[in-house]
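Naming convention: chains lettered A, B, ... in sequence-line order (proteins, then strands); numbering from 1 in each chain. Treat the numbers as computed from the prediction; the structure is a model and nothing was measured.
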Amino acid sequence: MRIATFNINGVNTRLANLLDWLKAEAPDIACLQELKATARQFPEVAIREAGYDAVWEGEHRWNGVAILSRVGAPVVTRRSLPGDPADRQSRYLEAAVQGVLVGCLYLPNGNPRPGPKFDYKLAWMERLIAHAAGLVTVDAPVVLCGDYNVVPTEADIYDSRSWKANALLQPESRAGFARLLDQGWTDALRERFPEQPPWTFWQYLREAWARDAGLRIDHLLLNPRAAARLKDAGVDAAVRGRERASDHAPAWIELADTDPA
DNA sequence: ATGTCCGCACATTGCGGA
């Protein structure tokens with residue numbers, strides 16, 4: 001089973017890119033972030049015609065997350081992250097598909113820093129850590145994937161000099177991600193490429209794609225039951241080079257159908 | 001500080017968010 005995560009940066013703006021990728025790579029499950037569409041604007045019909053059932057959580061202009069599946073309709077288990085009923089931003093969606101629990105998340109960017117946006121990012125991370133503590137021990141495969149907006153280590157960015165003040169690299173952001181891993185989650189791309197993990201994001205500015213000036217901020221975290229099934233992981237980087245591409249590329253894992261004996 | 005991209009609104013440019 002292949003599970004992918006893709007910050008689409010506008011599901012309607014990039015619909016042709018999305019459909020091309022779904023057709024070419026045919027992930028069994030695809031988590032999308034930054035839909036930038038209300039629930040009504042979500043392109044349900046085009047996605048169904050591409051062979052996918054979908055569940056989604058929309059929002060006007062910003063954020064928005066979806067889970068697509070071509071191996072059975074996702075059964076929603078959560079539509080928001082617990083811990084703050086006043087938080088109306090659509091950044092978390094969780095569903096069961098084919099015996100796998102999938103959490104699709106869009107962690108706040110947090111810029112500019114310092115300020116309320118960075119505070120919100122850290123508060124959101126705390127809520128994620130609290131919720132993930134309950135998921136890591138689930139006696140079934142759990143995959144927490146999405147745009148974490150965190151560059152975990154210096155190996156996860158082309159050159160950090162011009163990013164020093166950015167919320168994606170701050171010690172607090174990295175500490176939060178490390179605390180998640182300490183719960184027992186496996187960072188799949190890091191596991192697959194321990195020396196040099198691939199980038200998942202190239203900003204639009206300064207010809208970052210052409211220079212391969214990338215960052216790794218999209219992550220697939222696996223609980224022990226999912227990690228035991230990990231066969232492969234990668235990034236569909238070529239997607240970033242297409243016309244009118246998202247600034248992110250899809251990242252994916254391949255899980256064995258059953259636990260190893 | 002800058003750069004790029006996009007959709008929306010006090011709309012035919014400016015702005016926020018990334």
Side-chain angles (χ1 to χ4, degrees), chain A residues 5-21 31-44 46 56-66 81 86-93 104-125 128 145-152 156-170 172-174 176-177 199-219 235 237-251:
Chain A
T5 180
F6 186 12
N7 180 323
I8 191 68
N9 188 15
V11 70
N12 287 307
T13 306
R14 321 279 175 208
L15 185 58
N17 294 62
L18 173 63
L19 296 176
D20 286 351
W21 169 68
C31 293
L32 305 179
Q33 301 87 33
E34 280 206 84
L35 302 179
K36 295 184 174 177
T38 62
R40 292 181 59 177
Q41 292 168 333
F42 185 80
E44 178 182 12
W56 61 93
E57 193 63 29
E59 185 179 331
H60 179 61
R61 295 197 70 179
W62 316 118
N63 309 319
V65 283
L81 202 54
D87 182 2
R88 295 273 185 264
Q89 298 191 24
S90 298
R91 295 181 175 275
Y92 189 80
L93 182 60
C104 172
L105 64 96
Y106 178 43
L107 204 144
N109 173 292
N111 285 302
R113 180 206 64 92
K117 293 196 172 183
F118 191 62
D119 296 341
Y120 174 62
K121 175 182 194 141
L122 297 183
W124 204 94
M125 279 188 99
L128 177 63
C145 63
D147 180 356
Y148 281 73
N149 269 314
V150 176
V151 175
D156 299 305
I157 184 167
Y158 66 101
D159 180 346
S160 64
R161 278 176 300 183
S162 62
W163 292 79
K164 280 291 179 233
N166 195 286
L168 278 54
L169 281 75
Q170 293 314 301
E172 299 95 323
S173 308
R174 288 177 163 172
F177 191 78
W199 314 138
T200 67
F201 166 81
W202 297 258
Q203 63 175 349
Y204 290 122
L205 285 57
R206 294 182 228 134
E207 301 190 302
W209 169 249
R211 297 187 294 120
D212 195 28
L215 291 68
R216 188 174 73 102
I217 57 176
D218 301 270
H219 308 297
V235 173
V239 171
R240 178 62 181 83
R242 312 268 321 235
E243 286 289 307
R244 290 170 62 83
S246 167
D247 42 5
H248 295 250

In this structure, how many angstroms lie between the [atom2] atom of [N] and the [atom1] atom of [X], rounded?
X       : N       : atom1 : atom2 : answer
W209(A) : dA18(B) : CH2   : P     : 23 Å
E59(A)  : dC6(B)  : CD    : P     : 20 Å
Q203(A) : dT4(B)  : CD    : C1'   : 8 Å
Q41(A)  : dC6(B)  : CD    : C1'   : 14 Å
Y120(A) : dG17(B) : OH    : P     : 12 Å
L35(A)  : dG17(B) : CG    : P     : 18 Å
E243(A) : dC6(B)  : CD    : C1'   : 16 Å
D247(A) : dG17(B) : CG    : C1'   : 11 Å

*Quick one: do the W62(A) and Y106(A) side chains pair a donor with an acceptor below 3.5 Å?*
no
*Could you verify whether a donor N or O on one side chain and an acceptor N or O on the other, from D87(A) and Y92(A), lie under 3.5 Å apart?*
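Side-chain D/A pair, D87(A) to Y92(A): absent.
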For the [atom1] atoms, the ones on [N] and on [M], what distance do you get once it is rounded to whole angstrom?
N       : M       : atom1 : answer
dC6(B)  : dA11(B) : C1'   : 15 Å
dT13(B) : dA1(B)  : P     : 28 Å
dC15(B) : dC10(B) : P     : 14 Å
dT12(B) : dA18(B) : P     : 26 Å

Report the nucleotide, chosen from [options], that has the shortest atom-to-atom distance to any side-chain atom of [X].
X       : options                  : result
H60(A)  : dC8(B), dT2(B), dG17(B)  : dC8(B)
N109(A) : dC8(B), dA18(B), dC5(B)  : dA18(B)
W62(A)  : dC5(B), dA9(B), dG17(B)  : dG17(B)
R244(A) : dC8(B), dC6(B), dG3(B)   : dC6(B)
R61(A)  : dC8(B), dG17(B), dA18(B) : dC8(B)
K36(A)  : dG3(B), dC8(B), dG17(B)  : dG17(B)

*Assign Y106(A) to base, sugar-phosphate, or nothing according to its heavy-atom contacts below 4.0 angstrom with the strands shown.*
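It contacts sugar-phosphate atoms only.
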*Determine the contact category for E34(A): base if any of its heavy atoms lies under 4.0 Å from a base atom, sugar-phosphate if only primed atoms, P, OP1 or OP2 are that close, otherwise nothing.*
sugar-phosphate
Heavy-atom side-chain contact between [X] and [Y] under 4.5 Å:
X       : Y       : value
T13(A)  : K36(A)  : no
D147(A) : H219(A) : no
V235(A) : W199(A) : no
F118(A) : S173(A) : yes
K164(A) : L169(A) : no
D20(A)  : R14(A)  : no

*Start at the 5' end of DNA chain B and walk down; is the nucleotide closest to S162(A) or to E207(A) reached first?*
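By nearest-heavy-atom nucleotide position, the 5'-most residue is S162(A).
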*On DNA chain B, nearest-nucleotide positions of Q89(A) versus R206(A): which is more 5'?*
R206(A)
Are [X] and [N] close enough that a side-chain N or O sits under 4.0 Å from OP1 or OP2?
X       : N       : result
R14(A)  : dC6(B)  : yes
T13(A)  : dG7(B)  : yes
K117(A) : dG17(B) : yes

Provide a list of protein-nucleic acid N or O atom pairs under 3.5 angstrom, restricted to nucleotides 11-13 of chain B.
none

*Can you check whether N166(A)'s main-chain N or O pairs, donor with acceptor, with N111(A)'s side chain at less than 3.5 Å?*
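No; judged by distance alone, with no hydrogens or angles, the pair does not exist.
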*Under the salt bridge (charged side-chain N to carboxylate O under 4.0 Å, His left out) rule, collect the residues that match up with R61(A), sequence neighbours excluded.*
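Applying salt bridge (charged side-chain N to carboxylate O under 4.0 Å, His left out) to R61(A) gives none.
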*Paired and unpaired positions of DNA chain B as dot-bracket, Watson-Crick or G-U wobble under 3.5 Å, | denoting a partner strand*: ...((((((...))))))
*Under the side-chain contact (heavy atoms from CB on, under 4.5 Å) rule, what do Q33(A) and L105(A) come out as? Steps first, then yes or no, please.*
CA-CA 7 Å; Q33(A) 301 87 33; L105(A) 64 96; over 6 Å; no
